[in-house]
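Below is one structure; the comments refer to it alone.
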Amino acid sequence: MNSIKVVCPFDSELIAGLEGQNLVVKVDDLSSAVAAAAAVANSRNRLICIQVETAERLDQLQFDESLTTTPLAVFPAAFGNFRQLTPQLSLLRQLNLRVYLGGDNRENLAGLRIMASLGIHGGVVLGPGPIDWEGLADLMTYAVLERTAHATIEPFSYIAGHYDPLSPLDWSAFYFEQPGVYLHLDKQGRVAFSRTELQSGRFFAESISACGEQANQRKIEQRRESWREFFLDNHPCASCVGWKLCLGKFAGRLPSDKGCVGFFEEMLELVRQYRRQCERTDKERPLWQP
Amino acid sequence: MANILLTNKCNRSCPYCFAKREMEESSEEDILSWENLIYIADFLKRSGQNRVSLLGGEPTIHPQFVDFVLYLLERGFDVTVFTNGILSPNRLAECREYLTKVRLDRLSFVCNLNDPVQTPAPPNESLRLQEFLSEMGPWASPGFNIYRLDFKLEFLFDHINRYGMKRNIRLGVAHPVPGKESGYIKPSGMRKVIRRLYAYRPLFDANRVSPGLDCGFPICKFTDRELGWLGRFPNPSHFSCGPAFDITPDMSVYHCFPLSNYKRRSLFEFDSMDQLFEHFAQLRQEVKSEMPGIFDECDACRYQESGVCSGGGLCQVLNRMVGEAPVRIAEVEHELDKSRMSV
């Protein structure tokens with residue numbers, strides 16, 4: 001069970017009822033983040049981070065110094081106005097923070113680039129809505145190949161740093177969605193494999209303690225190996241050049257949106273280019289320097 | 001230092017505008033994107049640059065003007081904005097809210113002013129200029145382009161005192177666009193301009209204002225007395241013509257506005273400012289080997305040889321070639337031919 005990570009809503013009773021878990025605690029309001037972190041600290045669990053999903057734009061959020069010791073994954077509705085964000089930039093750089101923005105529009109993609117260039121880590125949310133593949137490819141080029149020091153933009157920086165041509169690379173942990181590793185709890189403590197399954201009420205266990213049962217262990221193991229189904233089903237993703245990096249994450253978009261094919265092909269080329277750069281300089285080029 | 005052109009649009013039409021050609025030939029929709037701004041900032045940072053100028057067209061027209069200024073400041077650049085001071089009420093309100101908090105040594109405006117009598121503006125433009133200077137005066141110093149021999153400077157001192165502007169006037173001679181018609185100072189008029197400028201010395205001294213000469217003034221047309229006066233100010237005037245490196249919204253880069261069609265390249269072709277310098281030094285070399293300066297005497301001039309003076313601006317030298325000298329530089333000849341056809 002140690003390799004399992006649990007995503008749960010902020011509910012003091014629920015958290016107190018868990019033991020020995022690695023927790024991602026979800027709140028919908030930044031002002032609850034400190035209390036959520038305290039609830040984990042007062043329980044017998046370990047905090048991975050607080051996931052803040054808010055309907056507010058980033059420039060509307062009020063960060064303060066009490067958050068300095070709280071690891072934060074913030075998912076605002078949009079980037080907003082840079083000018084209104086400016087007074088908070090210095091504080092944002094001091095926080096243990098990653099800001100996630102949707103990859104569906106140019107404003108958000110520009111926002112991620114702005115933040116990275118100013119030393120604030122970011123992540124791009126890929127779906128479930130439309131994805132601007134072209135804009136995303138530009139952002140990826142910046143994240144991976146720009147030589148001037150900048151913060152990371154995930155999953156690109158992670159992929160560039162960890163790509164191995166001989167094995168597939170799963171980067172869904174950035175979204176707390178790695179199959180069979182991140183489990184999602186509702187307020188009653190019922191367990192689902194993914195956020196989508198949680199939202200649609202598809203639970204595979206009644207509680208986290210039930211996950212240790214043999215039948216549920218088998219389900220978890222099956223979910224971890226679920227990528228094999230692409231090959232068993234002879235799915236087009238299995239023969240796609242980008243498979244090692246996407247692992248079929250965008251299969252549901254096919255055939256109407258084939259943007260992922262060109263995108264991951266380009267990503268592979270970029271990663272190889274990044275690796276060649278590193279080899280030439282005989283060291284890994286740091287993607288971010290404090 | 002690099003000049004970043006935020007937009008090619010301008011809300012004024014000055015008779016001496018040497019950016020007109022560049023603006024006419026570019027798309028009206030061209031405005032600098034966030035992505036390109038960040039690319040430029042990264043390029044300048046890794047080239048060791050810490051100062052940047054924002055130009056246009058009129059840079060304040062750009063919808064993200066205030067955001068761009070704040071971003072560049074956040075990246076550690078000191079920012080100078082070359083503006084005509086004619087801002088919409090909304091843009092002025094944004095400047096008031098966000099830019100008046102910036103330290104005076106980090107942000108400055110050079111406000112290009114026209115003599116209200118010799119180059120009159122519509123009343124609403126004058127009103128907007130007054131409003132801009134009332135808000136941003138302490139961040140701004142006046143700039144003045146000399147395009148006629150009977151220019152007057154009195155109004156500039158009045159503006160400095162009335163709006164609390166910085167006590168420095170940037171003075172430039174309007175440059176020719178080689179092969180194109182525009183209001184500019186011919187080499188034969190240089191001495192007259194300098195004499196007239198020096199006649200304002202009492203006003204400069206009485207108001208404790210320093211003159212700052214932009215490129216294109218040849219040192220030989222100043223008397224020793226005039227040079228002695230100019231040498232007393234903290235930022236001594238120079239008589240060379242260094243490339244300003246204008247970077248356009250579509251990421252083209254060229255030597256300066258009047259020479260926007262010569263050796264123009266994409267910024268993406270270069271890795272650093274050093275490479276840019278090298279590229280445009282070639283243009284200088286080619287032109288100078290044909291014609292050293294705007295006067296015959298430039299050929300054997302010790303100031304020219306030592307680099308103290310560049311014998312007028314490169315655009316002035318090139319413009320002289322059009323009428324007086326056979327052109328043997330293929331690229332220059334080609335560009336001049338195009339210009340002649342369009343005149």
Side-chain angles (χ1 to χ4, degrees), chain A residues 57-59 78-94 101 103 105-120 122 124 132 134-151 153 156 277 280-281 285-290, chain B residues 2 4 6 29 31-50 52 60 62-77 79 90-103 106-107 249-251 267-268 270-275:
Chain A
R57 301 188 316 252
L58 181 63
D59 64 342
F79 179 67
N81 284 328
F82 178 75
R83 68 190 73 164
Q84 279 160 15
L85 189 62
T86 312
Q88 300 206 78
L89 287 172
S90 176
L91 175 62
L92 290 181
R93 276 191 287 264
Q94 293 170 41
L101 293 169
N105 67 71
R106 292 281 161 139
E107 287 72 26
N108 281 349
L109 297 179
L112 285 164
R113 193 183 303 220
I114 293 166
M115 286 191 296
S117 71
L118 294 171
I120 300 161
V124 59
D132 178 357
E134 197 186 329
L136 209 57
D138 284 346
L139 183 67
M140 172 174 65
T141 307
Y142 170 78
V144 176
L145 294 185
E146 174 52 53
R147 289 171 299 151
T148 306
H150 57 86
I153 302 174
F156 312 128
Q277 274 184 10
R280 273 203 298 274
T281 55
R285 180 168 54 77
L287 285 166
W288 182 72
Q289 296 159 4
Chain B
I4 305 175
L6 300 191
E29 299 307 313
I31 60 167
L32 189 73
S33 66
W34 266 113
E35 287 81 358
N36 284 346
L37 178 76
I38 295 169
Y39 185 92
I40 296 168
D42 286 339
F43 178 88
L44 296 177
K45 273 289 161 192
R46 65 172 178 265
S47 301
Q49 302 286 308
N50 289 311
V52 73
T60 61
H62 194 293
Q64 264 104 38
F65 166 72
V66 167
D67 302 273
F68 281 12
V69 170
L70 292 171
Y71 173 79
L72 290 166
L73 290 166
E74 194 66 38
R75 289 293 303 267
F77 292 100
V79 179
N90 284 348
R91 192 53 37 79
L92 184 59
E94 289 171 6
C95 289
R96 185 188 306 122
E97 184 172 354
Y98 296 100
L99 300 187
T100 51
K101 294 171 188 158
V102 181
R103 275 176 17 206
R106 301 281 329 274
L107 171 67
D250 69 357
M251 302 298 267
L267 187 68
F268 297 119
F270 300 91
D271 272 341
S272 67
M273 288 286 275
D274 286 346
Q275 285 185 2

Report the residues that fulfil salt bridge (Lys or Arg N to Asp or Glu O under 4.0 Å) with Asp138(A), sequence neighbours left out, ordered by chain and then residue number.
none
Please rank Val69(B), Asp42(B), Leu73(B), Val66(B) by heavy-atom pairs under 4.5 Å with chain A and give me the top one.
Asp42(B)
Separation between CG of Leu118(A) and CD1 of Ile38(B), rounded to the nearest 0.5 Å:
7.5 Å
Please report the interatomic distance CH2(Trp34(B)) to CG(Leu109(A)), rounded to the nearest 0.5 Å.
14.5 Å
Chain A contact via Leu70(B) - side chain, backbone, both or neither, heavy atoms under 4.5 Å:
both
Can you tell me how far apart CD (Glu74(B)) and CZ (Phe82(A)) are? Round to the nearest 0.5 Å.
6.0 Å
For Arg83(A), which residues count as a side-chain hydrogen bond (donor to acceptor under 3.5 Å, both in side chains) partner, sequence neighbours excluded?
Asp67(B), Glu94(B)
Residues Thr86(A), Lys101(B); criterion side chain to side chain contact (heavy atoms under 4.5 Å, CB included); working and verdict
CA-CA 12 Å; Thr86(A) 312; Lys101(B) 294 171 188 158; over 6 Å; no
Return yes when atom CD of Gln84(A) has more than 12 non-hydrogen atoms of other residues, nucleotides or ligands closer than 6.0 Å, and no otherwise.
yes
Can you name the nearest heavy-atom pair linking Glu35(B) to Arg106(A), along with the distance?
OE2-O, 4.4 Å
So what's closer than 4.5 Å to chain B heavy atoms on Ile114(A): side chain, backbone, both or neither?
both
Residue selection (most heavy-atom pairs with chain A, distance under 4.5 Å) from Phe68(B), Tyr71(B), Phe43(B):
Tyr71(B)
Can you tell which part of Tyr98(B) gets under 4.5 Å to a heavy atom of chain A, answering side chain, backbone, both or neither?
side chain
